[in-house]
There are 2 protein chains.
Amino acid sequence: MENIDKKRGRPRSDQAKLSKEILLSCANELLQGSGKVPSIRKIARKLDVDPMAIYHYFPSKSALLEGVTVRLMEGIYIPQSEDTWEEQLRFLCSSYLDLLKNYSGLLETFLSMSVKGPAQVFIARFNTIVAPLGLPEDDMKNSLDLLVDYLHGFALSIHCAPKKDSLTLDSLNGPLNFYIKALTANMIRSKIFIH
Amino acid sequence: MENIDKKRGRPRSDQAKLSKEILLSCANELLQGSGKVPSIRKIARKLDVDPMAIYHYFPSKSALLEGVTVRLMEGIYIPQSEDTWEEQLRFLCSSYLDLLKNYSGLLETFLSMSVKGPAQVFIARFNTIVAPLGLPEDDMKNSLDLLVDYLHGFALSIHCAPKKDSLTLDSLNGPLNFYIKALTANMIRSKIFIH
DNA sequence: ATACATATTCTACACTGTAGAAATAGTGCC
DNA sequence: GGCACTATTTCTACAGTGTAGAATATGTAT
């Protein structure tokens, strides 16, 4: 499998080995397979390449992980207008949590990223979903913060004390229902004040 | 400062060096000072002792960290009956968050601990505080889960993207107020159903 | 042909947790 | 006092981590 002696310099173009794409999807596979963040050396071994080659494509390990993260956000649930807002919110949350669960090693990367983190995508979709409720701006922001941090905390607890998948979804539903009830109550209250 | 050659075996009893106590408080100091979990070697250097000596008192690094954690929980706010339940809840949350903030490196230890984690203490105090509200059992559990995981997620976000202390407290208040409003609404609703 | 950019490997450093053995001191028993 | 056993420490070593810096080989433009 592994050529025991490799030539040192740039390879001939017909046998090019690496690319950002290849590195990202390799890191992705290893992450999903193990649930943990793979080491640079593990990625290199899997691609039969020297660890330092990776640094030609990414300036640091965390840059690579951010790359993986950016690609993952694209899979997050997009609100479908035929669903009720409660359904949309539920779908959004479980889709986001699914991502956080399968890639729980990335949680800290998610939160450390300066821009374009999945949290931003989540926020945008959340705002779309609850816009029709006509909540006061304050409630909007506060309820969003509450939900986002709740989901992160929940994901972290799964990461640290893993349970069965079914259990996981169940224990999301309770608090989420409570949360939706709270949103509803506030919606009603603010509508009463307006009319 | 450091004796360049130390004798190898057990020291004479008048110059005993280590103890669980000493290790715990040293780890505590380093944690609080840097915000990060210190390495075994750092602790050993600070105590001018061989790293492996630590393993005589704790079977693993994580056992040491759990030890630190257990000691810390004792400082968590105890509900004072002259305060309203809202005040009690606010104090409890900011006391818990203060701990999570100053020892954010311990967050994963908190959540991985099998028993006696600070989360347990938090849960007990929470239940005391909201007991007078007479919430249905389901709401009780769900609102607790929501709050605990929210606080953990919030602490994690501070850990990953640190901000000023004042900012920190402010961004807790909003969601917490929203949460308290939700609790109040549910309390009223359930009281209406009872009477 | 010569210079420069690109892509790769190699070597090395400073870390990490910790397993296993060696050394010394204390304690209890004969 | 001698002997076995335990307690407390240091030393050596292993396998792992991220990554800096240099050497090497290819491709490309002048």
Side-chain angles (χ1 to χ4, degrees), chain A residues 1-24 26-27 30-31 34-69 105-106 108-109 112 160, chain B residues 1-24 26-27 30-31 34-69 105-106 108-109 112 160:
Chain A
M1 206 59 106
E2 313 188 4
N3 299 339
I4 206 62
D5 54 341
K6 298 182 192 170
K7 267 205 304 217
R8 225 187 198 207
R10 176 179 184 166
R12 301 220 179 86
S13 42
D14 53 347
Q15 51 196 233
K17 303 201 141 185
L18 282 179
S19 70
K20 280 198 175 190
E21 297 301 309
I22 290 174
L23 284 171
L24 288 174
C26 178
L30 288 173
L31 256 166
S34 73
K36 294 179 297 187
V37 173
S39 70
I40 291 288
R41 283 175 170 87
K42 276 213 180 67
I43 297 171
R45 256 196 308 274
K46 178 151 187 193
L47 295 172
D48 192 21
V49 135
D50 187 274
M52 292 313 293
I54 295 173
Y55 285 88
H56 181 68
Y57 297 92
F58 295 95
S60 66
K61 181 178 182 181
S62 69
L64 200 175
L65 294 179
E66 291 192 14
V68 175
T69 305
L106 288 183
E108 294 183 14
T109 304
S112 308
C160 291
Chain B
M1 205 59 105
E2 312 189 5
N3 299 340
I4 205 61
D5 56 340
K6 298 181 190 170
K7 266 204 307 213
R8 226 186 199 209
R10 176 178 185 166
R12 300 218 181 86
S13 42
D14 53 348
Q15 51 198 237
K17 304 201 139 184
L18 283 179
S19 70
K20 280 197 176 192
E21 298 301 310
I22 290 175
L23 284 172
L24 287 175
C26 177
L30 288 174
L31 256 166
S34 72
K36 294 179 297 185
V37 173
S39 70
I40 290 288
R41 283 175 170 86
K42 276 213 180 65
I43 297 171
R45 254 193 313 270
K46 178 154 189 190
L47 295 173
D48 192 22
V49 134
D50 187 275
M52 291 313 293
I54 295 172
Y55 286 88
H56 181 68
Y57 296 92
F58 295 94
S60 66
K61 181 179 182 180
S62 69
L64 200 175
L65 294 179
E66 290 193 14
V68 174
T69 304
L106 288 183
E108 295 183 13
T109 304
S112 308
C160 291

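Sequence lines set the chain letters: A, B, ... in the order given, protein chains first and strands last, and positions in each chain run from 1. Quick caveat, the model's predicted, so the values are computed rather than measured.
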Legend entry - Atom NZ of K46(B) with >12 non-hydrogen neighbours under 6.0 angstrom: yes
Inset, instruction - Kindly indicate whether the side chain of L64(A), heavy atoms from C-beta on, has any atom under 4.5 Å from the side chain of I43(A). - result: yes
Legend entry - Value in whole Å for how far the P atom of dT16(C) lies from NZ of K61(B): 8 Å
Inset, instruction - Can you tell me the distance, in whole Å, between the CZ atom of R41(A) and the P atom of dT16(C)? - result: 16 Å
Inset, instruction - To the nearest Å, give me how far apart NZ (K20(B)) and C1' (dT8(D)) are. - result: 15 Å
Inset, instruction - Give the rounded distance in Å between these two atoms: CG of L47(A) and P of dA7(C). - result: 16 Å
Inset, instruction - Identify the heavy atoms of Y55(B) and I40(B) that sit nearest to each other, and give their distance. - result: OH-CG1, 3.8 Å
Legend entry - Between CG on residue L31(A) and SG on residue C26(A), distance to nearest 0.5 Å: 10.0 Å
Inset, instruction - Would you mind reading off the distance between K36(B) atom NZ and dT16(C) atom P, rounded to a whole angstrom? - result: 10 Å
Legend entry - Proximity to the side chain of L18(A) - top-ranked nucleotide from dT9(D), dT16(C), dT8(C): dT8(C)
Inset, instruction - May I ask you to evaluate whether K6(B) reaches the phosphate of dA23(C), defined as a side-chain N or O under 4.0 Å from OP1 or OP2? - result: no
Inset, instruction - Write down the distance between CD (E21(A)) and P (dA7(C)), rounded to a whole number of angstrom. - result: 14 Å
Legend entry - Interatomic distance, K61(B) atom NZ to E66(B) atom CD [nearest 0.5 angstrom]: 13.0 Å
Inset, instruction - Using atom CZ of R45(A) as one end and atom C1' of dT8(C) as the other, report the distance to the nearest whole Å. - result: 18 Å
Legend entry - Side chain to side chain, E108(A) and V37(A), heavy atoms closer than 4.5 Å: no
Legend entry - Residue-level proximity of residues 52-60 of chain A to DNA chain C when a heavy atom falls under 4.0 Å: M52(A), A53(A), H56(A), Y57(A)
Legend entry - F58(A) side chain near L24(A) side chain, heavy-atom distance below 4.5 Å: yes
Inset, instruction - Nearest whole angstrom, please: distance from the C1' of dG26(C) to the CD of Q15(B). - result: 13 Å
Legend entry - Interatomic spacing from CZ in R10(B) to NE2 in H56(B) - rounded to 0.5 Å: 8.0 Å
Legend entry - Where protein sits on nucleotides 25-30 of chain D, one letter per nucleotide: B base, S sugar-phosphate only, - none, heavy atoms under 4.0 Å: BBS---
Inset, instruction - Would you mind reporting whether I22(A) and K17(A) have side-chain heavy atoms less than 4.5 Å apart? - result: no
